[in-house]
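These numbers were taken from a predicted model, which means no experiment stands behind them. Below, read A as the first sequence line, B as the second, and so on, with proteins coming before strands; counting in each chain starts at 1.
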2 protein chains.
Amino acid sequence: MLNHSLANPVARPHWGQMLPGGVESPEFLAGQPALVATEFSYGRNESIYGEGEPAEYVYQVIRGAVRSYKLLNDGRRQIGAFHLPGDLFGLESGSTHRLTAEAIVDTSLRMVKRRALEAAANSDVRIACTLWTMTAGELRHAEDHMLLLGRKTAAQRVATFLLEMDRRISTAGMFALPMGRGDIADYLGLTLETVSRTLSQLHGEGVLGFSGARQITLRNRPRLAAMDA
Amino acid sequence: MLNHSLANPVARPHWGQMLPGGVESPEFLAGQPALVATEFSYGRNESIYGEGEPAEYVYQVIRGAVRSYKLLNDGRRQIGAFHLPGDLFGLESGSTHRLTAEAIVDTSLRMVKRRALEAAANSDVRIACTLWTMTAGELRHAEDHMLLLGRKTAAQRVATFLLEMDRRISTAGMFALPMGRGDIADYLGLTLETVSRTLSQLHGEGVLGFSGARQITLRNRPRLAAMDA
DNA sequence: CGCGAATTTGATCGACATCAAGTACCGTGG
DNA sequence: CCACGGTACTTGATGTCGATCAAATTCGCG
């Protein structure tokens with residue numbers, strides 16, 4: 001049961017104000033006096049919650065990575081988002097989760113009871129605003145991702161993905177992907193072979209460097225940004 | 001300047017409660033004493049707001065239909081949603097619109113100043129809840145649509161579309177589409193030829209009937225629901 | 001070092017896109 | 001009411017990007 005972290009809920013927590021980045025990174029959950037947070041760990045590929053299950057908690061990634069996805073009845077999968085350290089996920093306005101969440105690698109999460117959060121929102125408009133802002137950030141990402149899935153070419157999808165990971169987890173222009181090619185494919189609406197081929201081609205063109213399949217260095221970010229359209 | 005309509009903001013406007021349908025149909029904007037609504041009409045293909053423009057109003061469709069979309073720099077378009085009578089749209093948590101909105105046919109809209117709504121939300125948690133619920137409904141739709149765009153076949157996409165329109169605008173199992181094949185294609189991530197061919201095939205199989213290209217009767221809803229996966 | 005899983009690479013296929021006519025729809029004006 | 005014209009839609013022929021099928025390699029962990 002922890003409840004430390006910063007005391008600034010969100011930069012300017014008032015209606016009409018919002019972070020550009022949406023749900024990424026801000027320490028929303030923390031700094032709420034009345035909210036008790038629990039910490040819990042999940043192993044690689046372990047399920048955190050399933051689609052359709054009651055939404056009892058809201059989560060924040062402390063360490064590790066999480067994928068949220070939907071399945072078609074024949075097993076085709078669409079990953080809607082990856083949740084990385086600092087990210088919040090699992091917040092629902094309705095009563096159930098609409099995607100399944102799984103740990104990609106060993107992962108630690110901070111959990112807060114959703115009902116406690118809602119009770120707090122009822123008495124504190126700043127918290128209510130925070131919940132709205134968080135959902136709006138997820139919506140923004142989903143809108144961008146619909147454009148990617150509906151209209152971008154394979155190369156553009158991979159470029160967008162690399163730039164997203166660069167923005168979210170890179171230090172010194174280098175990052176280690178927590179997820180495999182299959183997860184990337186299911187996020188981008190491609191096959192893992194197409195993802196692999198596209199990455200190989202970018203490597204061949206000198207746009208990126210590898211140190212093992214998942215350690216990536218961006219060597220030509222403007223080129224990627226131009227591809228992205 | 002009108003402000004009539006029902007006085008029931010939303011079925012049970014409290015945190016933790018939400019309509020299954022999301023943004024469709026509820027008369028959210030109405031029944032808020034302090035909110036002044038303006039009515040305005042737009043002609044076919046007329047722009048309501050553009051991506052990146054300041055978000056000054058929230059809109060409700062009174063009559064007609066609206067498309068919200070994003071463009072790639074080469075003109076490829078992804079329609080994120082169609083807004084039909086009763087629907088709210090244009091609500092942003094940030095300061096600008098992230099999609100462009102255009103009238104598909106001659107359309108009447110009710111408009112409320114976004115700042116007035118935010119002011120109301122600051123003093124009334126029920127309104128704050130309504131804003132969150134609305135954004136969450138849009139997110140739910142976007143999540144479903146990502147699965148469609150990333151993983152469904154052309155036939156499944158068209159089946160999903162027909163069932164969505166049936167749910168939203170059909171009376172007696174029949175409806176008139178306000179949008180053309182090109183709009184449907186850009187919503188489903190296909191070409192207009194593929195949409196046309198798929199509809200023709202469903203017509204040939206007796207799953208649906210036409211009375212003119214846009215007047216559709218569903219003759220075998222279970223079949224469509226089964227295709228949809 | 002060795003083993004299973006992940007990734008890469010190659011060959012081929014197929015669903016949907018693209019290119020190209022035809023045809024039907026529908027609002028307008030005679 | 002009907003002829004007209006432009007747009008929307010349908011249908012056909014062909015092309016292509018990414019999927020699928022099938023082995024190699026490589027990775028990374030024990």
Inset, instruction - Output yes when A/D106 and A/R44 qualify as a salt bridge under the 4.0 Å nitrogen-oxygen rule, no when they do not. - result: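 Salt bridge absent between A/D106 and A/R44.
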
Inset, instruction - Mind calculating the distance between CG (A/L177) and C1' (C/dT7) to the nearest angstrom? - result: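 For the pair A/L177 CG and C/dT7 C1', the rounded distance is 13 Å.
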
Legend entry - Integer-rounded Å distance: C/dT7 C1' and A/L208 CG: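 In whole Å, C/dT7 C1' and A/L208 CG are 15 Å from each other.
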
Inset, instruction - In sequence, state the C-alpha distance, the side-chain angles, and the governing distance for B/T135 and A/T135, and then conclude on side chain to side chain donor-acceptor pair (under 3.5 Å). - result: CA-CA 7 Å; B/T135 298; A/T135 299; over 6 Å; no

Between [atom1] on residue [X] and [atom2] on residue [Y], distance to nearest 0.5 Å:
{"X": "A/M165", "Y": "A/R168", "atom1": "CE", "atom2": "CZ", "answer": "5.0 Å"}
{"X": "A/I62", "Y": "A/E39", "atom1": "CD1", "atom2": "CD", "answer": "3.5 Å"}
{"X": "A/L208", "Y": "A/L224", "atom1": "CG", "atom2": "CG", "answer": "7.0 Å"}

Inset, instruction - State whether a side-chain donor-acceptor pair under 3.5 Å links A/E102 with A/Y69. - result: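 Checked: A/E102/A/Y69 side chains pair up, N/O donor to acceptor below 3.5 Å.
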
Inset, instruction - Please name the residue in the list A/E92, A/E138, A/E51 that meets the salt bridge (charged side-chain N to carboxylate O under 4.0 Å, His left out) test with A/R98. - result: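 Answer to the salt bridge (charged side-chain N to carboxylate O under 4.0 Å, His left out) test with A/R98 among A/E92, A/E138, A/E51: A/E92.
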
Inset, instruction - For DNA chain D, note the earliest and the latest nucleotide, 5' to 3', having some atom under 4.0 Å of a heavy atom belonging to chain B. - result: D/dA8 to D/dA13

Legend entry - Contacts of type side-chain contact (heavy atoms from CB on, under 4.5 Å), residue B/D144, not counting sequence neighbours: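 Only A/K70, B/R140 meet the side-chain contact (heavy atoms from CB on, under 4.5 Å) criterion with B/D144.
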
Legend entry - Counterpart residues, side-chain contact (heavy atoms from CB on, under 4.5 Å), relative to B/D166 (two or more places apart):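 B/D166 satisfies side-chain contact (heavy atoms from CB on, under 4.5 Å) with B/S170, B/F175, B/L218, B/R221 only.
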
Please list, in numerical order, the residues of [range] that have a heavy atom closer than 4.0 Å to any atom of DNA chain D.
{"range": "residues 145-161 of chain A", "answer": "A/T153, A/A154"}
{"range": "residues 185-198 of chain B", "answer": "B/L192, B/E193, B/S196, B/R197"}
{"range": "residues 200-207 of chain B", "answer": "B/S200"}

Inset, instruction - Hey, can you tell me if B/Y187 and B/H141 have their rings parallel, tilted or perpendicular (30° and 60° cut-offs)? - result: parallel

Legend entry - Test item: B/R76 side-chain N/O and A/R151 main-chain N/O as donor-acceptor pair under 3.5 Å: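 Judged by distance alone, yes, a pair lies under 3.5 Å.
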
Legend entry - Test of ring centre spacing under 6.0 Å for A/Y59 and A/Y49: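 Yes, ring centres under 6.0 Å apart.
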
Legend entry - Residue mapping more 5' on DNA chain D - nearest nucleotide basis, A/A213 or B/R181: B/R181

Inset, instruction - With heavy atoms under 4.0 Å as the rule, sort B/R76 into base, sugar-phosphate or nothing. - result: nothing

Legend entry - Sole residue of B/T160, B/L162, B/V158 in side-chain contact (heavy atoms from CB on, under 4.5 Å) with B/D228: B/T160

